[in-house]
Every structure is written in structure tokens, then in C-alpha cells.
Amino acid sequence: MAEITIKDIIKEENLVYKRSKVLTNNTMSYCPGCGHGTAHRLIAEVIEEMDIQSQTVGVCPVGCSVLMYNFLDIDLQQAAHGRAPALATAIKRLMPEKFVFTYQGDGDLAAIGTAETIHSCNRGENITIIFINNGIYGMTGGQMAPTTLKGMPASTCPYGRDIEMMGNPLKMTELVSHLAGTYYVTRQSVHSPANVRKAKKAIRQAFENQKLKRGVSFVEIVSNCNSGWKLPPVKANEWMVENMFPFYPLGDIKVDGQLVTK
């Protein structure tokens, strides 16, 4: 056995960050500055800290979220576009002892998957839904999504979203918070260290809630899409703070089955 030196002890005591064993050794392939990588890391850390790596099943559909299979060393199942909550429902009902979560983008969860999202939340399935909202279709070419802001340009609305022609942006998180089957609903971000800590706490709470068997925990993470927004990472974060957060305000919306009064 190798001898442990004082230097080793000091090094361990001063350790600020250690890579989670739930993450694979594959290099993250997301665009520089994208929030997906940070969200992946937080999920991995929560799973490791709860010691549930062998008990966790993730469901990822079509879009940037599908790349999660490369980066998390857990059981993962791909779903057809938008159908992750339906598949997660089946997994949880067949294996109720498992921690089951979906990881979905806004084009997936709030467009083609709206029905699956609404009905799973309304039924109160004992799952966790993690919703990455960057206001655009990221993987497929930057098209307008249901969450695209008023006046926000996209490849299918280059002059900005016209409310009269294209309708209003959809606030999925507020919508599901009013359904009886949701137990915990929150909106967070991962653009700064303080917000990363809050997002991790929210994800941990969502996983812990599955032990209580009280329904859906819904965690939205407002993120950027540097390639879709045509902005460098720093500018994208600044744009997000100035434009996304006023319309999609951060914080808890429903806690312990009760709407939060602000």
C-alpha cells in the first residue's frame, strides 16, 4: 500500500472541485458556453451524493439533450421526440424503486411534447422533469420555439417573433404549477456560481421528493444558446439576464404542493 504523505492530506483538504464519478470520461461536445454541460454536471453530482447511481434511470428524447447518453454513466433510455414523460411514467410504474428523470429542451417539452408534459404533471407521476429553456430550437437550426420571446429573432422569424402572427411565448413552468399533480416547481439558471449552487439544490430537492411519492417535481433551467442566438458566450449570458429573466423570472413557484406567494 502506498504511503500517504502530509502533502497528500493537505492537497485533499484544499480540494475545491472533484469530478463526479457519474460523469464519463468523454469530452463534452456542447457549444462553448452552453448551459447543458453544467446541468449535466449538477445532475451527476446529485446522483453521486445521494448514492443512487445504480438506482437512477434517465430519459432523453430528441434534441441537444440526446447527447447526455455520452456523458452520464447511468441507465438511460431514449424516447421519441416529446415522449419522455410518457416513457418515464412507464419506467417508474414498472420499477417504482428507481429514481426516474427526464431531461428535455423547450422545443421537445413545450412543442411536440406538450400533451405528454401536461398529462404526466396532471396525473402526478412520481418523476422528476428537468427542462432546459433556451428559447430556441438549438440542435436543428435555431428555429422559433414555443418559448421564443416577443421580438426575439430566430431562423424562422428573422425579424423577431410577431405576437399577432405567431402567438405568445409559452410559460410551461407556470402552467404546470397550477396542475394538482405537481409537488415542486421551480425555475433556475446556471450562468453564475451562485445560480449554479441554487440549481443544484433544486435538482437535489427534486430527486429527494421522489422518496415522498407525492408527484411531479419540475425543474426549469433557463439557459443560453450561443449558436442559435448568434452571440459569444459572455454576450449570450448578458442577453439572457437582460431579456430572458424578466419574462422567465427565477425562483420557486410551487413548494410542497403549494403555490409560492410573492
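The residues of the chain are indexed from 1 along the displayed sequence. When reading the values below, keep in mind they use all heavy atoms of this one structure, side chains included, and skip hydrogens, waters and symmetry mates.
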Closer than 3.5 angstrom, by distance alone: can the side chain of T102 be matched with the main-chain N or O of P85 as a donor-acceptor pair? no
Can you see which heavy atom on P61 is nearest to which on S65, and at what distance? CD-OG, 3.6 Å
When you look at E220 and T173, which way does the side-chain hydrogen bond (donor to acceptor under 3.5 Å, both in side chains) test go after all the steps? CA-CA 7 Å; E220 176 183 347; T173 304; 2.2 Å; yes
For the side chain of E48 and the backbone of K21, is there at least one donor-acceptor N/O pair under 3.5 Å apart? yes
Quick one: list whatever passes salt bridge (charged side-chain N to carboxylate O under 4.0 Å, His left out) with K200, sequence neighbours left out. E45, E49
What's the spacing between E242 CD and M244 CE if we round to 0.5 Å? 13.0 Å
Joint cluster assignment, I221 & L23, ILVMFWY side-chain distance < 4.5 Å: yes
Indicate yes or no: at least one non-hydrogen side-chain atom of V185 is less than 4.5 angstrom from one of V216. no
Hydrophobic cluster membership, F207 vs V59, 4.5 Å side-chain cutoff: no
When you measure from the side chain of R123 to the backbone N and O of G215, does any donor-acceptor pair fall under 3.5 Å? no
Rounded to the nearest 0.5 Å, how far apart are CG of N134 and OG1 of T148? 8.5 Å
Do L109 and T117 pass the side-chain contact (heavy atoms from CB on, under 4.5 Å) test, and can you show the C-alpha distance, the side-chain angles, and the key distance before you say yes or no? CA-CA 7 Å; L109 180 144; T117 302; 3.4 Å; yes
Just by distance, do the side chain of D108 and the backbone of G82 share a donor-acceptor pair under 3.5 Å? yes
Heavy atoms, side chains only, cut-off 4.5 Å: are I253 and T186 in contact? no
So, R214 side chain and Y184 main chain: donor-acceptor pair closer than 3.5 Å or not? no
Common cluster, I203/M68, ILVMFWY with side-chain heavy-atom separation under 4.5 Å: yes
Show the nearest heavy-atom pair for residues I136 and P153, with the distance to one decimal. CD1-O, 4.4 Å
Spell out, yes or no, whether V100 and M95 are grouped together once hydrophobic residues are joined by side-chain heavy atoms under 4.5 Å, including indirect joins. yes
So, do N126 and K211 sit near enough that their side-chain heavy atoms are less than 4.5 Å apart? no
Any donor-acceptor N/O pair, T128 side chain to A206 backbone, under 3.5 Å: yes
Taking only residues two or more places apart in sequence, or in another chain, which ones meet H36 in a ring-ring contact (aromatic ring centres under 6.0 Å, His included)? Y30, Y103
Do V260 and K254 pass the side-chain contact (heavy atoms from CB on, under 4.5 Å) test, and can you show the C-alpha distance, the side-chain angles, and the key distance before you say yes or no? CA-CA 5 Å; V260 175; K254 190 174 189 179; 5.6 Å; no
Do E174 and R187 make a side-chain contact, defined as non-hydrogen atoms from C-beta onward lying under 4.5 Å apart? yes
Whether over 12 other heavy atoms sit under 6.0 Å from K98 NZ: yes
Atom CD1 of I74 and atom OG of S54: how far apart are they, to the nearest 0.5 Å? 11.0 Å
Check the surroundings of atom CD in Q258: do more than 12 heavy atoms from other residues, nucleotides or ligands lie under 6.0 Å from it? no
Shortest non-hydrogen contact from A79 to L87? CB-CD2, 3.8 Å
Side chain to side chain, L76 and C60, heavy atoms closer than 4.5 Å: yes
Donor-acceptor contact present, side-chain Q53 to main-chain D73, <3.5 Å: yes
Using 0.5 Å steps for rounding, measure from the CD atom of Q210 to the OG1 atom of T56. 8.5 Å
Step by step, work out the side-chain hydrogen bond (donor to acceptor under 3.5 Å, both in side chains) result for E116 and T114. CA-CA 6 Å; E116 283 75 9; T114 310; over 6 Å; no
Does any part of the side chain of S217, heavy atoms only, come nearer than 4.5 Å to the side chain of I127, both counted from C-beta? no
How about I129 and Q104: do any of their side-chain heavy atoms sit closer than 4.5 Å? yes
What's the shortest heavy-atom distance between L170 and A110, and which atoms? CD2-O, 3.8 Å
I need the minimum non-hydrogen distance between A39 and I132, along with the two atoms involved. CB-CD1, 4.1 Å
Out of H119, K92, R93, which one pairs with E125 under the side chain to side chain donor-acceptor pair (under 3.5 Å) rule? R93
Backbone of M144 reached by a side-chain donor or acceptor of T156 within 3.5 Å: yes
Does F247 offer a backbone N or O that forms a donor-acceptor pair with the side chain of K171 under 3.5 Å? yes
Heavy-atom side-chain proximity of S227 to C225 below 4.5 angstrom: yes
Under 3.5 Å: donor-acceptor pair, side chain of N243, backbone of W239: yes
Does the pair F71 and S29 meet the rule for a side-chain contact (heavy atoms from CB on, under 4.5 Å), with working shown? CA-CA 9 Å; F71 309 125; S29 57; 3.5 Å; yes
Could you measure the distance from the CG atom of N133 to the OH atom of Y248? Nearest 0.5 Å is fine. 5.0 Å
Between CG of L67 and CG of L72, what distance do you get to the nearest 0.5 Å? 12.0 Å
Walk me through whether V222 and M240 qualify under side-chain contact (heavy atoms from CB on, under 4.5 Å). CA-CA 8 Å; V222 181; M240 178 175 64; 4.1 Å; yes
Please report the shortest heavy-atom distance between L179 and C121, naming the atom on each side. CD1-CB, 3.7 Å
Answer with yes or no whether the hydrophobic clustering places F99 together with V57; edges join I, L, V, M, F, W, Y residues whose side-chain heavy atoms lie under 4.5 Å apart. no
